[in-house]
Amino acid sequence: MMAGRKIGGPILEIDGVSLAFGGVVALQGVSFDVREHEIRAIIGPNGAGKSSMLNVIQTAVYHPQRGTVAFKGRRRRRMDPHEAAQQGIARTFQNMPSSAA
């Protein structure tokens with residue numbers, strides 16, 4: 001934590017989010033929150049639903065069949081990626097340095 005910054009209340013709330021593609025369940029009942037000035041990571045093995053969860057949160061490419069996503073106390077429905085960016089929602093990608101041959 002940076003000096004002078006204290007963990008605040010939740011700014012992102014994921015509650016009971018479920019997402020399926022046909023018979024394949026990508027997310028089932030996922031719930032967590034992210035508080036002001038807090039950094040969270042989503043980790044897990046391949047196929048665990050990490051990218052699906054991030055796409056539900058940030059890009060609005062996927063919309064959960066169940067559950068809710070709220071940002072700064074406001075429930076998010078369908079939102080374009082540029083709207084998410086304007087509200088301060090962003091994601092980063094892991095870049096592995098290539099090995100020198």
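For the atom pair NE2 of His37 and CD1 of Ile7, the computed distance is 7.5 Å after rounding to the nearest 0.5 Å. How far CZ of Arg35 is from CZ of Arg40: 8.0 Å, rounded to the nearest 0.5 Å. Taken to the nearest 0.5 Å, the CG atom of Leu19 stands 5.0 Å off from the CD atom of Gln65. Rounded to the nearest 0.5 angstrom, Ile42 CD1 and Ile57 CD1 are separated by 5.0 Å. Expressed to the nearest 0.5 Å, how far CG of Asp15 lies from CZ of Arg75 amounts to 9.5 Å.
Put simply, Val25 and Val56 are part of two different groups of oily side chains (I, L, V, M, F, W, Y) that touch within less than 4.5 Å, one to the next. A continuous path of hydrophobic side-chain contacts links Phe21 to Leu54 [ILVMFWY only; heavy atoms under 4.5 Å].
Using modelled atom types, no side-chain atom of Ser52 and backbone atom of Ala26 make a donor-acceptor pair closer than 3.5 Å.
The shortest side-chain heavy-atom distance between Ser18 and Leu27 does not fall under the 4.5 Å cut-off. Looking only at side-chain heavy atoms (C-beta outward), Val69 and Leu12 come within less than 4.5 Å of each other.
Nearest heavy atom pair, residue Arg74 against residue Gln87, reads NH1-NE2, 4.3 Å. The shortest non-hydrogen separation linking Met53 to Ile14 is CE-CG2, 3.7 Å.
The number of heavy atoms from other shown groups lying within 6.0 Å of CD (Glu38) is above 12.
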